[in-house]
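For ligands, and for the atoms within them, numbers begin at 1 and follow the listed sequence. Not measured: the values here are computed from a predicted model.
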Amino acid sequence: MKQHSVSANFNQLFKQISPEEMCNDFNVFTLVGKVFPVITAGKENQSNSMTASGGGMGLLFKKPTTWCLLKADRYTLELIEKEQTYTMSYFPDEYREQVLFLGGKSGRDSEKMKEVVLTSVQTPSGDMSFKEAQLIIECKLTQITTPNLDDFYTQDAKNYLREAYKDVNNYRKYVFGEITHVWVKK
Ligand SMILES: Cc1cc2nc3c(=O)[nH]c(=O)nc-3n(C[C@H](O)[C@H](O)[C@H](O)COP(=O)(O)O)c2cc1C
């Protein structure tokens, strides 16, 4: 981990930037579709992470906001609803294997948070992320919306949702979170 040693604390590793600065430094399509966010919810004694793809960020009701699509049965979604805060962490390519690992099995019935080769760290607000992250977005849950097929106009979207609704435990929910802090590696 070079200078980012496991013993360093959060403030030694990360500095805060604004959402606007983040968009100058990082391409949102690359973050969402190639780097993939690791979404972490819960507190120090019980946190859980999952990998996501899709979603985005922008202004919603004048607030900088992220959104993602999470299947209804995700354990991470359960913890997001419980705590109403979460982080979205983005990692350098060297940690790709671990990013994919967190998307490979559910923490509801596995010990993946103990098995993953990443170092948990608590933000000053008490949310959980990892020391190896390059970028951390902290969010406050603002909305969980279940999409309605009738509200979609393209055939592609309708097909996607029809597929997503086949299994009641499997449908996707849109999760919106106000960005409360953005942290980048020093
Ligand atoms: C690259 C990648 C992208 C993924 N994107 C999503 C996504 O956008 N939404 C989703 O619900 N699951 C997505 N998954 C699957 C979840 O990460 C996976 O089911 C995970 O085990 C859920 O963990 P949990 O039940 O502990 O929350 C993705 C997995 C991978 C590997």
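Put simply, no part of Arg172 is less than 4.0 Å from ligand 1, judged by heavy atoms.
Between the side chains of Thr85 and Glu138, no donor N or O sits under 3.5 Å from an acceptor N or O.
Annotation: atom 2 (C) of ligand 1 to nearest protein heavy atom, Thr51 CG2, 3.8 Å. Atom 8 (O) of ligand 1 has as its closest protein heavy atom Ser53 O, 2.8 Å. In this structure, atom 23 (O) of ligand 1 lies nearest to the protein heavy atom Lys112 NZ, 3.1 Å. For atom 27 (O) of ligand 1, the closest heavy atom belonging to the protein is Thr76 OG1, 2.6 Å. Atom 29 (C) of ligand 1 has its closest protein heavy atom at Gly103 O, 3.7 Å. Residue, atom and distance of the protein heavy atom nearest to atom 25 (O) of ligand 1 are Ser106 OG, 2.6 Å. In terms of protein heavy-atom proximity, atom 15 (C) of ligand 1 is nearest to Arg74 NH2, 3.5 Å.
Note that CZ of Phe130 is 12.5 Å distant from OH of Tyr95, once rounded to the nearest 0.5 Å. To the nearest 0.5 Å, atom SG of residue Cys139 and atom CD of residue Glu178 are 9.0 Å apart. In this structure, Thr87 OG1 and Ile39 CD1 are separated by 9.0 Å, a value rounded to the nearest 0.5 Å.
Taking a cut-off of under 4.0 Å to the non-hydrogen atoms of Asn48, the atoms of ligand 1 that pass are 24 (P), 26 (O), 27 (O). When each atom of ligand 1 is checked for a heavy atom of Gly107 under 4.0 Å away, the hits are 24 (P), 26 (O).
The shortest N or O to N or O distance between Leu100 and ligand 1 is not below 3.5 Å.
Proximity of Tyr75 to ligand 1, defined as any heavy-atom pair under 4.0 Å, is shared by backbone and side chain alike. Only the backbone of Leu69 comes within 4.0 Å of ligand 1, counting heavy atoms alone; no side-chain atom from C-beta on gets that close.
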*Passes side-chain contact (heavy atoms from CB on, under 4.5 Å), Tyr86 versus Thr40? Steps please.*
CA-CA 6 Å; Tyr86 55 99; Thr40 303; over 6 Å; no
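Between the side chain of Thr65 and the main chain of Lys63, a donor-acceptor pair closer than 3.5 Å is present. Checking side-chain atoms of Glu21 against main-chain N and O of Ser18 turns up a donor-acceptor pair under 3.5 Å. A side-chain donor-acceptor contact under 3.5 Å links Lys185 to the backbone of Lys131. Panel note: side chain Gln16, backbone Val182; no donor-acceptor pair is recorded below 3.5 Å.
Nearest-heavy-atom check against atom 20 (C) of ligand 1 across Asp73, Leu102, Leu79 picks out Leu102. When Lys105, Met50, Lys173 are checked for heavy-atom proximity to atom 21 (O) of ligand 1, Lys105 turns out nearest.
Lys158 NZ: more than 12 foreign heavy atoms inside a 6.0 Å radius.
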